[in-house]
Amino acid sequence: MALTPPAGDPAPIAEPILLGIYRNIYATRRFELTCIELYRQGHIRGYLHPYLGEEAVAAGACAALRPDDYIVSTHRGHGHCISKGADLSLMMAEITGKATGYCRGRGGSMHISSKQVNNLGANGIVGGGIPIAAGAAMGIMVRQTDQVVVAFFSDGASNNGVFAESLNMAGIFRLPVIFMLENNHYAVSTPIECATGCCDLAGRGPAYGVPGICVDGNDAVAVYHETLRAAGRARRGEGPTLIEAKTFRHGGHHVNDPGLYMDPQALAEWKARDPLTLMKQVIADPSKTRIIETEVESELEAAVAFALRSPEPDVAEFIAGIPEH
Amino acid sequence: MALTPPAGDPAPIAEPILLGIYRNIYATRRFELTCIELYRQGHIRGYLHPYLGEEAVAAGACAALRPDDYIVSTHRGHGHCISKGADLSLMMAEITGKATGYCRGRGGSMHISSKQVNNLGANGIVGGGIPIAAGAAMGIMVRQTDQVVVAFFSDGASNNGVFAESLNMAGIFRLPVIFMLENNHYAVSTPIECATGCCDLAGRGPAYGVPGICVDGNDAVAVYHETLRAAGRARRGEGPTLIEAKTFRHGGHHVNDPGLYMDPQALAEWKARDPLTLMKQVIADPSKTRIIETEVESELEAAVAFALRSPEPDVAEFIAGIPEH
Amino acid sequence: MVEMMYREALRRALDEEMQRDPLVFLMGETIAERGGSYKVTEGLWQKYGSRRVIDTPIAEASFTGMAVGAALVGCRPVVEILFVDFAMLVMDQIVNQAAKIEFISGGQGKVPMVLRTQGGAGNGLAAQHSQSLEALFYHIPGLKLVMPATPADACGLLKSAIRDDDPVIFIEHKLLYMTRGPVPEEEFLIPLGKAEIKRPGRDATLITYSHMTLKCLEAAAFLEKEGIRVEVIDLRTLAPLDTETLLDSVRRTGRAVVVHEACKRGGVGGDIAAMLMEQAYDDLDGPVLRIAGRNTPIPYNLKIERACVPSVEEIVAGVLSIL
Amino acid sequence: MVEMMYREALRRALDEEMQRDPLVFLMGETIAERGGSYKVTEGLWQKYGSRRVIDTPIAEASFTGMAVGAALVGCRPVVEILFVDFAMLVMDQIVNQAAKIEFISGGQGKVPMVLRTQGGAGNGLAAQHSQSLEALFYHIPGLKLVMPATPADACGLLKSAIRDDDPVIFIEHKLLYMTRGPVPEEEFLIPLGKAEIKRPGRDATLITYSHMTLKCLEAAAFLEKEGIRVEVIDLRTLAPLDTETLLDSVRRTGRAVVVHEACKRGGVGGDIAAMLMEQAYDDLDGPVLRIAGRNTPIPYNLKIERACVPSVEEIVAGVLSIL
Ligand SMILES: Cc1ncc(C[n+]2csc(CCOP(=O)(O)OP(=O)(O)O)c2C)c(N)n1
Ligand SMILES: Cc1ncc(C[n+]2csc(CCOP(=O)(O)OP(=O)(O)O)c2C)c(N)n1
Ligand SMILES: [Mg+2]
Ligand SMILES: [Mg+2]
C-alpha cells in the first residue's frame, strides 16, 4: 500500500497514515512468516533473508514518500517492496519463481523489484544499491522534478567504499536522496562492533558533508518523521540526509541460519520492543488494527494461492529469447 | 637518504635529522626540475607528475621512519622514493626507461619502487596504494615485527571508497599504518571544495574509529613530529593514524599541464611558504645547507649521466621472458 | 563530407544527442570546464551547463553505479572512464548491475547508459594505462560493445549507442583521437552490430577492430603490391557480433586472420576463430590465424612496449604464412 | 587413500600449509568463528587464532588489496571472496595490482597470494550469485588460474597455489563442495599447469574443467555403452594452459570438444579451440566444437536456470555430432 504524506510540515500525524504504517508492518511480518513456511515446503529456493523485526523502518520511511518517489532495496527487501505499495500476489509469484511474478521468475527474493511502485530493486550485492539510488537522484536532478529517492541498506554495507563515495557525491551535487541505514547490528554473523571502530554510523554523514541523524528504527512513527523531514529538504534542493535507524533482526541472517551467534540478551530486549506491538500501541484502537489484519490475511492467502497456481516460466520461450551471439 | 629517528619520545629534534630533511627536500626539488628538463628533451615519456611544492611532506614523514619501515607511494611519487633513501641514479635510469633502472625500465615514473629502501611502489591507480599499505601493515601484524607503514596519497584519493574501507579495517585490526593524506587541494584541475562537502579531511578518521589530525604539510618538522608520534602509536600496537598534511602544488598536475585553473592568490601564498625556504630557515646556518646542496648537485649530475649512458632494455630478451600460453 | 578528428567526431555525436534529447547527460572526471583528458567533451559544459556535464570526484565505482540509477529512471547517461584500465574499478556496476538489471527485473527496468572509455598501448604509459580489456566485456551477456576505428564510425556509432536501450561499452583508442577522416556533413547514424568491409579482397579475410584496423589496412595496401588482395573487415561492434558479414567473407576468401591488440590468450580472437571454424569449416582452406598482443603487461620503455602489440610487418607475415 | 569431501580437502590444504608456514594466513567474510559460508575454513580459527584467520568487514576491494600488500612484504595470504560474482569488486586489485606488480617493479616485488572463490549455477541463486567468470582472469597476464574438479585435485592444487610466487585465482564450484572422492593419506602436491586425463579414450577428446568434468565423465560413461571411447581431459589449471597434454590427445583422437559452464561468447573454450586449430589443424578431422553456457544471465527459477548450462545429454549429442 502506498501512502501519501500530508503536505507541508510534519504536523500531528494523520490517522490514515498511522493505519497505513500498521498495515505495512503487519503485512511484512505475515508475508515473511509465510515465505519461511513456503521455503520449508520447497516452494522457494535460493536465498531468503527475512526482514522480521525491522519492519518499522521500511513502513515508517515509505509512509513519508509519494508514490512517484523511488526506493532502492537490498537482499533483505520484502519489507521495502511491501511498504512502497507492491502487490503481494505479484511479489509472492516472483519469490516462488513463477512466470507471473514481478520479474517473470528470473529475479526471485534477492532481486525483487516493482516498476509499478517505483521500487528500483533489491540487490544481491551488498552496497550495490547505494550508488544506484544516488544515480536515480541525479536522474531526478537532470529531469528537474521534485521526487526523492530512499536508499535502504544496512550496517554491513556502510563499511563498503561505495557508501562513502555515494554519500560524498550526493553531498556535493545536493542530490535528493535519503540514505536509510538500517543498522540491525549484524552483517551475517559479524556484530557491528567487530566491523568498525566508530560508534554511531550516522557520524559518517558529516565526514562527507552530509547531515547524519540517528533514529529508533523500531519506532515507525519516529522513522516517518525523520524521513519526512529529510524528504522535505531533498525536495527543496537542500540535498541528502543520512538516517541511521537502529533496529535488530528477530532471527538469523537467512532462513537457514538459526542465528545462534546473536547476543541473546540484546535479542530479548529488542524483541520486547517489537515494532509490530509498538505500532499497535500507537493506534490504540484494537478494532481498527483487527480490520487491517483481516484484510492482510485474505490478501496474503490470495497471494499464496495465486503464486502456487501460477505457471513456471516456459523453457522453450526462455531459450528463444536469448541472443545467439 | 634514509634517516633513523631518535629512540623514544619526540625530544628536541637532532641536527643530523634536520639536515637529512633538508637534503631530501632539496634533492627532490632538484630531481623534479631535472626530470622536467629531461622530459622536454624527450628522455622521459608517458606521464610525469612533479612533487614540486610538496617536498616537505615526504621528507618530514620519512625522517620519522626506520629503514625497515615501508612506504607506499603514488603517481606523484619521486619525493617519497627519494626521502625514503633511494638511489638517484637508479631512479633516474628508471624514469628514463633504462634497463639499469629500479624496475628495469618497465615501470617508469608512475611505477617507481625500490625494494632496497622498502618503497613498495608508486601506483597509476589513484587510491590503489591505500589498501596495499594497510595490507603491508597486516603482514607486519602476522609476522609480529614492530615495523610501520606510511601510505602516501592525496585529497583526490580520499574520496575513493578504498580509502574509507582501508581506514575502517586498519582501525578494527589496529594495523601499524599511517595514512598520510597529502592534501594539495587539487585532483588534476578539480579543487577539493568541488570534490567533497566536508571541511577537514582529517575528520574522516573518527568516522571510522581512527584518530585524525591536521598538520602544515609545508613544515617538514611538524610533519616529522606528527609522523613520529603516529609511528610510536603504531609500533606499540595502538593502531593507525590519519594525518592530513595541507600543502600545494607549485604547478600543474603533470609536466604538460600549465595549471592555469589554479587559484593564483592561493598559489602565491603557498609559494611564499615554500617548504625548501622554510626548512632552510630552520637550519639557519647557510654553510651547512650549502654543503648539502653541493653534494646533491653532484649526485644528481652523476644520476643523469648514468641514466643517459645506460642501455635500453633488450627487445629479444624481453620477448624471451614472456610465457607462450 | 567534412574532415574531422576522431575526438571531434565523438564530440559532435555527444553534442547532437544532447541537443536532441534533454535526458542525455555526461559524467566523468574533469570533463566539464577542462573538457576531458583527451578533449572529447570540450565546450559541452559551456553549452549545456553543470547539470548535464558533470565533473565527479575520483569515485569511478559509484559514479558508474549512479549512471545505472539515472538510466533506470529514464535518463541516458554517458559516463567517461579515463582509461579502460580504470574500468576494473567499475566491474561490479557493469557486470553485476548494468548488464543484469533488465534480466533480473523481468524487463521492468532498462539501463540505457553508455560507458565511454579508452584503451591501448603506444604512449609509454605503462602497465596500468595501456591495456586492451574488451574481452572482459565481450563475455558478459547483456552488454553491447563498440570499438570504432574511424571518425565517421566514432560519430555514428556513439549516437546509436546513446539511443540504444541496453548498456553499451564504448572503447576508444588513445592513438586514434588525433587521426582524421571524412565524416558526413548531415546527421547520420551507424547501426550497432554491423561490421564494415573497409577494403574488399578475395585472397584472405583480415578481421579486426579499433586501432588495428589502420594497421591491417596498411598491411593490405602493402600486400596488394605483391598481388595479394586481402579483405579487411572492421568489426566496429564486437557485441553483438556481425557473424553474417564475417562468414560471408570467409566463405568467399577461404582464409581468415583475426588481428587485435589485446593479449592473445583469452582475447576475442579465439572466440571469433572458433565460431568461424564451427560454422564455416568446410569453406576454410586452413586454420584461422590469430595475430594478437603478447601475453604480458605493457612496459613503460617504448622499445619494448612496441614489441608487445602486432606490427604491420607481423600482419603481413601472418597473411603470407597462411596463403 | 581416504574418502573426503571437496570442502574437507580444501580445508586440509589450508590447514597443512598454515601448519607448515607461519606466513600463510586467511582473510575473508565470516571465515573465522563461523568457518565460512561453505564451511571450508571450519576449525581453522580455533586452531590458528585471529591473527591468521581474519574476519573482514564487507569491503572486498580493500581486503583483497590488503592481501596484495601483505604478500609484498613476504606473507602468503589466502583471501576468500564468497562468490566469483563479487570478484567484480576486486578487479582493480587483481588486474591492475596483483597481476602487474612483479612486472612493473622489474621483479623487485612478488605477490604470492591466493584468491579463493566459488562460482557456477545450480542452486537458484540467480544472476548475481551464479556466474562463471574465469575467462576474465584467463585473459590477464601475470595471473595463474586453477579450477579443480575433485577433492584430491582441490587439496593438491590449493597447496601448490599457496606455495606459488605468483598471484593465483582459485575458483571452486558451489556444486562440488559436498562431492566426495579419494585423497592420498600422505601429504601431496599437484603441480600447477598440468592437466589430467581423467578418462582415456581414442575416439574424441573432451576438454573441460571444474564441475563440468563430472558431467563429461558421465557423458563418456554413457557413450562407452554405445561403443564410443572419449578421452576426458580435466584442465585443472587454466593458466598456464597445459597445451602439450591437449595437443597430444587431440593428435591421437583427431576430434575435440571443449566443454564449460561459462557463456560461450568470449569463454575460454574459444581460446582453446583456436589454439588447437592453429597448432594441430592437420591432425584434426573436423572443427573443434564448443559446448558451453548460453549467452544469458542466470535466472532464479530452477527450470530455466537448468537450461542455461550444458547438460550430460548435450555433451553426448555434441560428441555424436562430430563423429
Ligand atoms: C559484495 C558482497 N559481499 C558479500 C556478500 C554476502 N552477503 C550477503 S548479505 C551479507 C551481510 C550484509 O550485511 P548488512 O549490510 O548489514 O545487511 P543485513 O543482512 O544486516 O540486512 C553478506 C556478507 C554479498 N552479497 N555481496
Ligand atoms: C582510479 C583512477 N582514476 C583516475 C585516474 C586519473 N588521475 C591520475 S592522477 C589524478 C588526480 C589525483 O588526485 P589526487 O589524489 O589529489 O592526487 P594528486 O595528483 O593531487 O597528487 C587522476 C584523476 C587514475 N589514475 N586512477
Ligand atoms: Mg546488518
Ligand atoms: Mg591532490
Side-chain angles (χ1 to χ4, degrees), chain A residues 70 72 94 99 101-108 110-116 118-125 127-145 147 149 151 160-170 172-173 175 177 313 321-325, chain C residues 22-25 27 50-52 54-77 79 89-90 92-93 95-98 100-111 113 141-142 144 193 238-244 246 271-272 275 279:
Chain A
Y70 295 100
V72 170
E94 184 55 38
Y102 270 120
C103 314
R104 302 169 61 195
R106 296 176 178 199
M110 206 154 42
H111 300 297
I112 193 110
S113 65
S114 165
K115 194 180 165 112
Q116 192 189 359
N118 277 2
N119 174 2
L120 296 178
N123 212 308
I125 304 296
I130 302 175
I132 291 176
M138 178 163 271
I140 289 169
M141 186 181 90
V142 170
R143 291 187 340 218
Q144 297 182 261
T145 68
Q147 292 155 287
V149 184
N160 195 284
V162 292
F163 170 54
E165 292 184 356
S166 301
L167 199 58
N168 188 54
M169 285 195 278
I172 54 177
F173 302 127
L175 300 179
V177 56
I322 300 172
E324 180 52 33
H325 213 99
Chain C
L23 295 173
V24 176
F25 73 96
M27 235 193 309
S50 333
R51 211 201 331 268
R52 293 182 65 201
I54 301 169
D55 264 351
T56 64
I58 307 169
E60 284 83 1
S62 298
F63 74 70
T64 304
M66 285 168 67
V68 175
L72 267 176
V73 302
C75 293
R76 294 188 174 271
V79 287
L89 288 110
V90 309
D92 174 51
Q93 285 70 34
V95 173
N96 291 328
Q97 312 296 344
K100 300 290 188 285
I101 288 179
E102 181 175 356
F103 183 87
I104 54 178
S105 72
Q108 293 179 96
K110 294 219 176 290
V111 186
M113 67 179 278
K144 288 181 175 153
L238 277 72
L241 186 70
D242 185 359
T243 52
E244 213 175 303
L246 301 185
D271 186 73
I272 294 169
M275 181 279 292
Q279 297 191 32

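The chains referred to below are lettered A, B, ... by the order of the sequence lines, with proteins before strands, and numbering in each begins at 1. Note that this is a predicted model, so its numbers are computed, not measured. For the numbers below, each heavy atom of this structure counts, side chains included, while hydrogens, waters and symmetry mates do not.
When the candidates C:P240, C:A59, C:G109, C:G107 are compared by the number of heavy-atom contacts under 4.5 Å with chain A, C:A59 comes out ahead. When the candidates C:I58, C:D271, C:T56 are compared by the number of heavy-atom contacts under 4.5 Å with chain A, C:D271 comes out ahead. Comparing A:A134, A:G139, A:A136, A:G107 by heavy-atom pairs within less than 4.5 Å of chain C, the highest count is held by A:A136. Interface remark: of the candidates A:E94, A:R143, A:Q147, A:R143 forms the most heavy-atom pairs closer than 4.5 Å to chain C. Of the listed residues (A:G124, A:A133, A:S114), the greatest number of heavy-atom pairs within a distance under 4.5 Å of chain C belongs to A:S114.
The contact between A:Y70 and chain C is made entirely by side chain atoms (from C-beta outward), counting heavy-atom distances below 4.5 Å. Proximity to chain C is absent for every atom of A:I112, based on heavy atoms less than 4.5 angstrom apart. In this structure, chain C has a heavy atom under 4.5 Å from the side chain of A:N168, while its backbone stays farther away. With a 4.5 angstrom heavy-atom cutoff, C:D242 does not touch chain A via any of its atoms. Using a 4.5 Å cut-off between heavy atoms, A:I172 contacts chain C through its side chain alone, with no backbone atom that close. Proximity to chain A (any heavy atom under 4.5 Å) is shown, for C:S105, by both the backbone and the side chain.
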Could you tabulate the donor-acceptor pairs under 3.5 Å formed by side-chain atoms of residues 61-73 of chain C, not counting sequence neighbours?
from, atom 1, to, atom 2, distance (Å)
C:S62, OG, A:E165, OE1, 2.6
C:T64, OG1, C:E60, O, 2.8

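C:I104 approaches A:C103 most closely through the heavy-atom pair O-CB, 3.0 Å.
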Query raised in the report: Checking side-chain contact (heavy atoms from CB on, under 4.5 Å) for the pair A:H111/C:K100: CA distance, chi angles, key distance, verdict?
Result: CA-CA 10 Å; A:H111 300 297; C:K100 300 290 188 285; over 6 Å; no
Requested in this report: Could you go through the side-chain contact (heavy atoms from CB on, under 4.5 Å) check for A:V162 and C:D92 one step at a time?
Outcome: CA-CA 11 Å; A:V162 292; C:D92 174 51; over 6 Å; no
Query raised in the report: How far apart are the C-alpha atoms of C:I54 and A:M169, what are their side-chain angles, what is the distance that settles it, and do they pass the side-chain contact (heavy atoms from CB on, under 4.5 Å) test?
Result: CA-CA 11 Å; C:I54 301 169; A:M169 285 195 278; over 6 Å; no
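Partners of C:F25 according to the ring-ring contact (aromatic ring centres under 6.0 Å, His included) rule, which considers only residues two or more places apart in sequence or in another chain, do not exist here.
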